[in-house]
Amino acid sequence: MKHITDCTILNNGVTLPWLGLGTFKAQGDDVYKAVKLALEIGYRSIDTAKVYGNEEEVGRAIAESGIPRGELFVTTKVWNDDQGYDSTLRAFEGSQKRLGLEVIDLYLIHWPGKDKFKDTWKAMERLYEEGQIRAIGVSNFHVHHLKDLMQDSRTVPAVNQVELHPRLIQQDLQDFCGAQGIQLEAWSPLMQGKLTDDSTLAGIAQKYGKTPAQVILRWNLQNKIVTIPKSVTPSRIRENADIFDFELSSDEIKKIDSLNQNRRVGSDPDKLLF
């Protein structure tokens with residue numbers, strides 16, 4: 001983890017950059033400019049979703065970047081309204097068209113929802129086996145969701161993208177995914193800016209001449225968690241990428257782990273039932 005293009009290897013051999021750009025709630029020209037800048041800086045992983053309403057802008061920025069397709073990693077997700085076998089196939093085709101991409105690098109079930117994620121997964125397995133997706137995974141799945149899914153599936157999820165930050169470290173989920181070869185990926189890794197005043201993080205940041213946000217992102221990486229901070233602010237996009245020239249000690253990792261309060265800024269997957 002010495003460079004912005006350094007990658008983890010997923011359980012099917014596909015490589016995924018440790019750092020990516022999140023685009024949640026980023027719209028129109030803002031997200032287009034953010035993706036273009038991120039790619040210019042060196043980001044090679046972009047995360048979007050159908051429900052974000054920005055796949056077209058993300059796709060346009062990618063197309064205009066001039067970066068060879070093989071160097072980029074693009075993630076999108078099937079929304080709960082589209083869950084089910086046939087509807088997932090249709091939803092995927094729509095994402096392909098909006099992104100302007102024949103092959104999606106990573107396709108995720110956005111939330112487990114109520115009772116359709118197994119049928120959704122079967123459709124995703126078909127798309128994966130047909131070569132239209134390089135890796136398939138899930139988002140916002142608890143351990144019990146993963147166990148339920150894996151009972152009846154041919155494919156172990158490559159990724160589980162979840163809310164994860166120093167106030168919500170989800171250690172049980174980290175342990176389970178590690179044992180199963182499922183790569184954890186953190187959305188809202190900075191807890192939507194709610195951790196910038198924490199004294200522990202501020203003290204560590206001062207030692208390295210970094211910001212608390214950079215310390216958190218480095219903590220993600222050293223815990224082997226892919227991280228996708230969202231921003232449309234040029235200075236923040238640059239700052240979030242400047243995390244490859246320092247290394248936290250094991251004691252500092254433990255101090256940050258100890259900030260856990262099992263506190264969410266997003267929904268609990270067991271309560272967001274569609």
Side-chain angles (χ1 to χ4, degrees), residues 8 18-20 22 24-25 47 49 51-52 75 77 79-80 108-115 117 137-151 156-205 210-231 240 243 248-274:
T8 181
W18 287 106
L19 176 70
F24 175 59
K25 288 188 176 179
D47 180 272
V51 76
Y52 298 171
T75 301
K77 312 174 190 79
W79 185 238
N80 282 37
L108 304 177
I109 301 176
H110 207 145
W111 292 85
K114 197 171 182 181
D115 55 10
F117 64 76
V138 297
S139 183
N140 301 303
F141 272 47
H142 287 322
V143 170
H144 72 87
H145 295 124
L146 290 167
K147 287 181 176 177
D148 193 15
L149 177 68
M150 291 162 62
Q151 275 184 343
V156 175
V159 169
N160 186 17
Q161 184 186 115
V162 299
E163 180 182 349
L164 195 150
H165 45 70
R167 294 282 187 234
L168 182 72
I169 69 171
Q170 303 216 61
Q171 192 61 56
D172 288 347
L173 186 62
Q174 286 193 50
D175 294 343
F176 180 82
C177 288
Q180 298 297 322
I182 301 169
Q183 176 64 56
L184 266 183
E185 184 173 40
W187 64 258
S188 197
L190 305 178
M191 202 182 178
Q192 299 178 0
K194 293 179 170 60
L195 292 167
T196 54
D197 295 330
D198 181 86
S199 60
T200 297
L201 294 169
I204 296 171
K210 296 292 182 178
T211 65
Q214 289 170 321
V215 167
I216 293 169
L217 297 178
R218 186 69 203 183
W219 167 79
N220 277 159
L221 301 193
Q222 289 185 223
N223 276 325
K224 295 185 171 20
I225 296 165
V226 171
T227 189
I228 50 168
K230 174 257 175 170
S231 183
N240 292 342
I243 57 173
L248 301 171
S249 70
S250 58
D251 284 344
E252 289 164 341
I253 296 285
K254 289 175 184 175
K255 283 182 181 178
I256 299 172
D257 287 345
S258 73
L259 299 176
N260 181 55
Q261 297 176 352
N262 297 323
R263 196 169 130 212
R264 297 179 179 273
V265 291
S267 299
D268 184 334
D270 281 335
K271 297 177 181 176
L272 189 70
L273 302 178
F274 286 70

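Numbering of residues begins at 1 and proceeds along the displayed sequence.
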- Item | N/O donor-acceptor pair under 3.5 Å between Q222 side chain and L248 backbone | yes

- With sequence neighbours left out, what residues match D115 under side chain to side chain contact (heavy atoms under 4.5 Å, CB included)? none

- Note on the structure: OG1 of T200 to CG of L259, rounded to nearest 0.5 Å, is 5.0 Å

- Roughly how far, to the nearest 0.5 Å, is the CZ atom of F141 from the NE2 atom of H110? 11.5 Å

- L146 vs Q180 side-chain heavy atoms within contact, under 4.5 Å: no

- Query: Do the ring planes of H142 and H144 sit parallel (below 30°), tilted (30 to 60°) or perpendicular (above 60°)?
  - Reply: tilted

- Message: So which atom in V156 and which in I182 form the shortest heavy-atom distance, rounded to 0.1 Å?
- Response: CG1-CG1, 3.8 Å

- Query: Just wondering, do K77 and V51 contact through their side chains at under 4.5 Å, heavy atoms?
  - Reply: no

- Task: With rounding to the nearest 0.5 Å, note down the distance linking CD1 in I109 to CG in N80.
- Result: 9.0 Å

- Heavy-atom side-chain proximity of L108 to P157 below 4.5 angstrom: no

- Item | Pairwise side-chain contact, N240 with L190, heavy-atom cut-off 4.5 Å (strictly under) | yes

- Message: Could you tell me if the side chain of I228 sits less than 4.5 Å from the side chain of F24, heavy atoms only?
- Response: no

- Query: Between W111 and W79, is any pair of side-chain heavy atoms under 4.5 Å apart?
  - Reply: yes

- Query: P212 and L201: which non-hydrogen atoms are nearest, and at how many Å?
  - Reply: CB-CB, 4.1 Å

- Message: For D47 and Q161, which I'm curious about, is there any donor-acceptor pair between the side chains at under 3.5 Å?
- Response: yes

- Say whether, by atom type as modelled, one donor and one acceptor occur between the side chain of Q170 and the main chain of L164 under 3.5 angstrom. no

- Message: Donor-acceptor pair, distance only, cut-off 3.5 Å: does the side chain of N140 make one with the backbone of P269?
- Response: no

- Message: Does any part of the side chain of K224, heavy atoms only, come nearer than 4.5 Å to the side chain of T8, both counted from C-beta?
- Response: no

- Between atom CG of L173 and atom NE2 of H145, what is the distance when rounded to the nearest 0.5 Å? 11.0 Å

- Return each pair, listed once, that meets salt bridge (charged side-chain N to carboxylate O under 4.0 Å, His left out) where at least one residue sits in residues 254-273; pairs must be two or more places apart or across chains. none

- Residue pairs passing the salt bridge (charged side-chain N to carboxylate O under 4.0 Å, His left out) test where at least one lies in residues 159-178, sequence neighbours excluded: R167-D198

- Query: Taking C-beta and beyond as the side chain, do I256 and I216 meet within less than 4.5 Å on heavy atoms?
  - Reply: no

- Query: What are the two closest heavy atoms between I225 and W18, and how far apart are they?
  - Reply: N-CZ3, 3.8 Å

- Message: Could you walk me through whether V226 and V159 satisfy the side chain to side chain contact (heavy atoms under 4.5 Å, CB included) test, starting with their C-alpha distance in whole Å, then the side-chain angles of each, then the deciding distance to 0.1 Å, before giving a yes or no?
- Response: CA-CA 9 Å; V226 171; V159 169; over 6 Å; no

- Closest heavy-atom contact between S139 and P112? O-CD, 3.8 Å

- Note on the structure: Between T227 and L221 the two heavy atoms that sit nearest each other are CG2-CD2, 3.8 Å

- Message: Test your reading of the model: is there a side-chain donor-acceptor pair from Q261 to the backbone of P166, 3.5 Å cut-off?
- Response: no

